[in-house]
Amino acid sequence: MGIGGFQIVILVFLLFSAIFYIILKILERGEKSVKNGKSKVYACGEEMKAEYLNIPSESFHRILSKVLMLEKLKKIHSGELGIYIGWILIGMILIIIYVMNVW
Amino acid sequence: MIVYIGAMILVIIGVYTILNKDNIIKKVMGLSIFTNGIHLLLISIGFRYNYIAPIMTKFYLNFSNFAVDPIPQALVLTSIVINISVTAFALFLTVRVYEIYSTLNFSKIRRLRG
Amino acid sequence: MYSFYSIPVFIISALVIPIVGIKKSHLASYISLIASIISIVFVTATILDIMENGIVYMQMGGWKAPFGITVVMDGFSILVASITTILGFITTLYSIRYIKEKRSEYYSLLSILLAGLLGIIHTGDMFNLFVFMEVASISSYALTSFKRTDKAFESGIKYLIIGSLATSLYLLGISFLYAFTGTLNMADMSFKLSGMRGYGISLAISLILTGLAIKIGLVPFHTWLPDVYTSSPCPISAIFSSATNISFMYAIIRLILTVFISSNTIGVLILFGILSMFVGAVLSLLQNDLKRLLAYSSISQIGYVALAFGIGTYLGTIGGLFHMMNQAFIKSLLFFSSGIVIMSMGTSDMRLMESVKFDPVLKYSFLIGIFSLAGIPMFSGFSSKLIIYIAMFRYQPLLMVFTGIVSAITIAYCFKSYYLVFLRNAKLKPDMNEDKLCNVPITFKIPLLFLAFVCLLFGILPQFGIEISNFVISNFNNQLYIKTILG
């Protein structure tokens, strides 16, 4: 592995974060000029108003978890002990199948 | 041979009780049945028909050829002691849970979820 | 073999503390501190001994192997033992001011827990492993329900039923193996199992692996873990997520790689590692409670370690060892600093937390922990995760893509927790206890500073971690182990 590998990766990381910082500054300047009213944004065939430009992170998070059905995993952990031990037995059957094939 | 089948039946009854019954005390009983089945299996591994107990007396100073295996007996003694303390602690927790939730049905004791 | 004598030291202190604690309850913490300092001294002496000799062993009572119980230390054991004793000392130091109840059985139970974990690490006999596993488990059942709230009792009884199911499955597996081989010594069993085949032995090995996997927290067996970490006191959560996890991980790796070496079952950790990484990361993103988020994150990081060990290549094993070491220090740092935050805010729900003027030590140590967990360069998590990525790439490139996706979700929940606790501004409520947040007392500062220093050390100079892992792997030799013990 060596030490040189780590230092090259750190330098690449700093380089990319500098590039992304410059892109962020350019985008912020564009957003400020839209808010001033000096330029317009066209999307989906019509003009967008300034308050629709920034999606707040909480609604983005909620939409993403609904689309990918991540809330179902949270609902499965319902708190009953019987279902929890049922999973343990399913896992034990998986281990038994694996070890019997490999041994 | 029939002792082995009996011990495995006890183990299966124990696991079935922990899975399906709703009362906490029945689950603790199922845990106790499960561990007792394992103890019975362990003792019957070292058993030979018509051999003597592994105790050194005046007549049998060198009994290693015709005595029952003493190692599983030591394992089972240790395990029985551990099992007593776990059961005692489980019953203490049951009393405290009953004082706070006022029910012994495990489907209703679900304040931690997610 | 000096470090074995730290187990009687812990047990004697556990017996003395309740007697002393009747009259003066503040002496209990000092006795526990002295016991952990003595154990650190003993472990350091054994490290110097192992660097000379290779493997150090001792037969209890003078009975020769395979008839007696063997106590063995080699490179892997001494690494795990040193991390456990250091974390035990730091936790005792932190609990002096954290635990407000005057009952002195907390320190007694903590000493028994550390004695049990050290016993798991030192032993060379399979039934001895069962006994020490039970000792550690019973004290952790009692420590979970220490605070006597409703959630603590509920999680205590659920943990008790699942935990004793796990150790009983382990005992069932040992009884089958005793029937097949006739011995209980690890070296002797490894020697005898190399020539055997059969379905019965496969069943026995899978029962043993199931029992140990429940205690670690791999995914279909993880169901007790979030409840226990949420409702136990914060220093206990810290020691569960670091010392207990590492000791049981050591037990399962020792059994798979030394005793069951001829059965090639190292690949069973790949499937459970993949499931744990994904489920842990996704569920941690959806939580509102700070300690539950850290608990699911713990499941995810143990999935990384299991996957890295399961591959079986040299680079994977180095990555797994290094990440196991790092994750112990990072998780305990995060639990300690969130403990101070929760104690002062009065709640652990992140939606109700508002930003006040925090002490810079608290804010920056939490930030260092979050950066290490996410894998930012110059912190310790990056070094170990880079080695795991390279090991995955050489084995199967699809696994590296999957690891990258899970790391992206890791960064998401890391910064979510930091933002919700420290960065949202609001006004100060009148019933908040502000002095603990603004001036952190000295016994809280020492653990935070020490752990943050270790995280930065392994990040800026990763060659220390790689050297330690190299030494452990070069010391790990099955033929030498068997020949040294059996003579």
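In the text below, chain A, chain B and the rest are named by the order of the sequence lines, each starting its count at 1.
For CZ of B:F89, the number of neighbouring non-hydrogen atoms (other residues, nucleotides, ligands) closer than 6.0 Å is greater than 12. Within a 6.0 Å sphere centred on NZ of C:K416, heavy atoms belonging to other residues, nucleotides or ligands number more than 12.
Residue C:L283: no heavy atom, backbone or side chain, is found under 4.5 Å from chain B. Contacts between B:I109 and chain C at a heavy-atom distance below 4.5 Å involve backbone atoms as well as side-chain atoms. Only the side chain of C:Y296 comes within less than 4.5 Å of a heavy atom in chain B; its backbone stays farther off. In this structure, the portion of C:S145 lying under 4.5 Å from any heavy atom of chain B is its side chain and not its backbone. Contact annotation for C:I138: only side-chain heavy atoms (C-beta onward) come within less than 4.5 Å of a heavy atom of chain B. Proximity to chain C (any heavy atom under 4.5 Å) is shown, for B:L75, by both the backbone and the side chain. Interface remark: B:I100 contributes side-chain atoms only to the contact with chain C (heavy atom separation under 4.5 Å). Neither the backbone nor the side chain of B:N83 has a heavy atom closer than 4.5 Å to any heavy atom of chain C.
Considering only heavy-atom pairs separated by less than 4.5 Å from chain C, the leading option among B:T94, B:I82, B:V97, B:L42 is B:I82. Across B:E99, B:K27, B:R96, the residue that shares the most heavy-atom pairs under 4.5 angstrom with chain C is B:R96. Contacts with chain B were tallied for C:L171, C:I174, C:V131, C:T149; C:L171 has the most, counting heavy-atom pairs under 4.5 Å.
No side-chain donor-acceptor contact under 3.5 Å links B:Y51 and B:D69. C:S298 and C:S241 share no donor-acceptor pair across their side chains, judged by distance under 3.5 Å alone. Counting only N and O atoms by type, the side chains of C:Y413 and C:Q287 include no donor and acceptor under 3.5 Å apart.
With hydrogens and angles ignored, the 3.5 Å screen pairs a side-chain donor or acceptor of C:S155 with a backbone N or O of C:A152. Counting only distance, with no hydrogens or angles, the side chain of B:R110 and the backbone of B:S107 share a donor-acceptor pair below 3.5 Å.
The minimum heavy-atom distance linking C:T144 with C:Y159 is given by the pair OG1-CD2, 3.8 Å.
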